[in-house]
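Down below is the structure, laid out as structure tokens.
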Amino acid sequence: MATKDEKKSLNKIASLGCILCSEVLGFEGTPSELHHIRRHGAVRSASPVLALCPEHHRNGNDSIHRMGVNGFEKKWGISCEELLERQNKKLGKSIE
Ligand SMILES: [Zn+2]
Ligand SMILES: [Zn+2]
């Protein structure tokens with residue numbers, strides 16, 4: 001179960017909109033879902049999340065779940081870590 005604070009920060013991330021749309025395509029505030037970045041050895045609940053719209057998350061041909069992380073990063077020319085960094089900058093906090 002997520003704590004109240006965790007939920008709050010997840011809502012805040014989601015409310016930024018899709019980070020790929022805003023940073024790569026220039027569309028601000030696309031309604032987003034949360035994508036968990038899997039890091040080796042990290043439990044899911046502790047893994048960082050990216051805000052991605054359904055199209056870029058799992059529905060679209062260029063989505064991270066369709067292409068896989070490597071294909072996605074290659075297609076868009078940006079890594080998940082970089083997206084995370086920009087997202088955190090938008091949130092006004094440094095990376096955990
Ligand atoms: Zn998007
Ligand atoms: Zn996902």
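Owing to the predicted nature of the structure, the values given are computational and were not obtained by experimental measurement. When a residue number appears, it is its place in the shown sequence, counting from 1. Start at 1 and go down the list; that is how both ligands and their atoms are numbered.
Closest approach between the Zn ion (ligand 2) and any N/O/S atom of His35 involves ND1.
Looking at residues two or more places apart in sequence or on another chain, you find a side chain to side chain donor-acceptor pair (under 3.5 Å) between Glu23 and Arg86. Under the ring pair (Phe, Tyr, Trp, His ring centres under 6.0 Å) criterion, His35 pairs with His57, His65, sequence neighbours left out. Scored by the salt bridge (Lys or Arg N to Asp or Glu O under 4.0 Å) test, Glu55 finds no partners at all (sequence neighbours excluded).
Between Ser15 atom OG and Leu10 atom CG the span is 11.0 Å, to the nearest 0.5 Å. Remark: Leu20 CG to Leu83 CG distance equals 6.0 Å, nearest 0.5 Å.
Side-chain contact check for Ser22 versus Thr30: every heavy-atom pair is 4.5 Å or farther apart.
Excluding water, every protein N/O/S atom under 2.8 Å from the Zn ion (ligand 1) is given here by residue and atom: Cys18 SG, Cys21 SG, Cys53 SG, His56 ND1.
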